Number of protein chains: 2
Amino acid sequence: MTQKQEQLSKNQQIVLSIIEKAKGPLKAYSILYNVQKRGIKAPLQVYRALEKLIEIGKIHKIESKNAFIACKNSYCEISKATAFSICNNCEHVKEIKNSKLSKYLTNFEDNSGMKYKKYNLEFFGLCNKCK
Amino acid sequence: MTQKQEQLSKNQQIVLSIIEKAKGPLKAYSILYNVQKRGIKAPLQVYRALEKLIEIGKIHKIESKNAFIACKNSYCEISKATAFSICNNCEHVKEIKNSKLSKYLTNFEDNSGMKYKKYNLEFFGLCNKCK
DNA sequence: ATAACAAACGTTATATTATAACAAATTAAG
DNA sequence: CTTAATTTGTTATAATATAACGTTTGTTAT
C-alpha cells in the first residue's frame, strides 16, 4: 500500500503557489492573470484547481469576497472549521486561530439539538492599522 | 420632528414581499423573474432593493449561496450578528437564534485583543429530515 | 408652497464570477 | 500492461453583480 501522500497536480501547484505568495486573498480571475505565463489559459483550469485545493484544505474561500486565501495551519487537512477577520477599510483578511472559539463552534448545538459538521465564520471590523 | 419610520419604497416593498413569502432563500435573478409582472424589469432594480433591505436588517444574504432570506427577528433592525444553518442535502436554510451564541460571538476577542462590529456565521450539516 | 437636497427610479450596457460539455492526456492501482 | 480515475485543454455560456447616466419622487427647512 503506497502511502496516500497528497500529490498536487501541475495546475494545482501553480495556483497554490500564487495564493501562498499573496499577502491577502486573491480572486479567481486575478489568479488567472497571474498564471497565464505559466500556461494556464482558461478560468476553468483555475476553478478546478481551486476546488481541489479547498477540498484538501490547502486554501479557504472567503465567501463574502469571492476570494481565496492560503491556509497557514499546516495540520489543517480538511477545512471544516474556518474563521476569518476582515477589515472593512483596508480589506485585510486574517484567519483566526483560536482553539476556544473552534471548540465552542464545533461543539455548538442549536435549539433543536442539532450539531454541524462544518462552519464558516467571518468577522468584520477595523484592523489595528485602520482604527 | 417627524419620526423616522422606515418607509420602504415601492420596489423595496415588492422585493421584500417576495422574499418573505418564500420558504427558503431566493437568488437575485429568481426574485427578478418573480417581480417582472409587477413592473420591475432590470437586475439593478432588484439589487438596489436588496442592498437597502440588507442595510435596514429586513433580509440577510447567505454568502455561501448568493441568496437572500427574510429576517424573522422583528427586532433585528441592523444585521450585524447573523448565524445560519444550511443543509448540505436539501439546501434548507434556517436562521439560528441563540442568545448564548450571539453573546459569545459579539463579545469575542481575537488573540490580539481585537473585537468586531459584525459577523456572519454559516453552519453546514444535514437537517433533521435529511439525516 | 417652494427651493434645495437626498433617495429612489428606469434604462442600457458591461463587468465579474462560475460552470457545462466534450475529448484528449496523464496518473494510479491491480 | 490495462483499466479506471483524475486531470487537462478548450470553447462556449450561464449566473451574479455593478457602472454610468439622466429622471422622478420624497423630505426638510425656510
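Only a predicted model underlies this, so the values are computations on that prediction, with no experimental measurement involved. Chain letters run A, B, ... following the sequence lines, proteins first and then strands; every chain starts at 1.
- When rounded to the nearest whole Å, the span between NZ of A/K61 and C1' of C/dT19 equals 12 Å.
- For the residue pair A/S9/A/R48, the side-chain donor-acceptor check at 3.5 Å is not satisfied.
- As the counterpart of D/dT30, C/dA1 is assigned, both hydrogen-bonding distances of the Watson-Crick or G-U wobble pattern falling under 3.5 Å.
- Distance CG (B/N11) to P (D/dT24): 16 Å, rounded to an integer number of Å.
- Rounded to an integer number of Å, the gap from CZ of B/F68 to C1' of D/dA15 is 13 Å.
- An OP1 or OP2 oxygen of D/dA17 is reached within less than 4.0 angstrom by no side-chain nitrogen or oxygen of A/K65.
- Distances shorter than 4.0 Å separate some side-chain N or O of A/K10 from OP1 or OP2 on D/dG9.
- When the side-chain nitrogen and oxygen atoms of B/Q7 are compared with OP1 and OP2 of D/dG26, none of them lie within a distance under 4.0 Å.
- When the P atom of C/dA8 is taken as reference, atom CG of B/L50 falls 14 Å away, rounded to whole Å.
- Taken residue by residue, residues 16-48 of chain B places heavy atoms nearer than 4.0 Å to DNA chain C at B/K41, B/A42, B/L44, B/Q45, B/R48.
- Distance check: B/I31 CD1 to B/I59 CD1 gives 6.5 Å after rounding to the nearest 0.5 Å.
- Looking only at distances, a side-chain donor or acceptor of A/N111 sits under 3.5 Å from a matching main-chain atom of B/K97.
- OP1 and OP2 of D/dT25 both lie 4.0 Å or more from every side-chain N or O belonging to B/S9.
- When the side-chain nitrogen and oxygen atoms of A/N66 are compared with OP1 and OP2 of C/dT16, none of them lie within a distance under 4.0 Å.
- Atom NZ of A/K52 and atom C1' of C/dT27 are 12 Å apart (whole Å).
- A/K23 NZ: 12 or fewer foreign heavy atoms inside a 6.0 Å radius.
- With respect to the salt-bridge test (charged N to carboxylate O, under 4.0 angstrom), the residues A/E122 and A/K65 do not qualify.
- B/E109 and A/N98 make their closest contact through O-ND2, 4.2 Å (heavy atoms, listed as atom of the first residue, atom of the second, distance).
- Taking the six-membered ring where the residue is Trp, A/F108 and B/F123 present parallel rings, their angle staying beneath 30° rather than reaching 60°.
- Nucleotide D/dA12 forms a pair with C/dT19, judged by Watson-Crick or G-U wobble geometry with both contacts under 3.5 Å.
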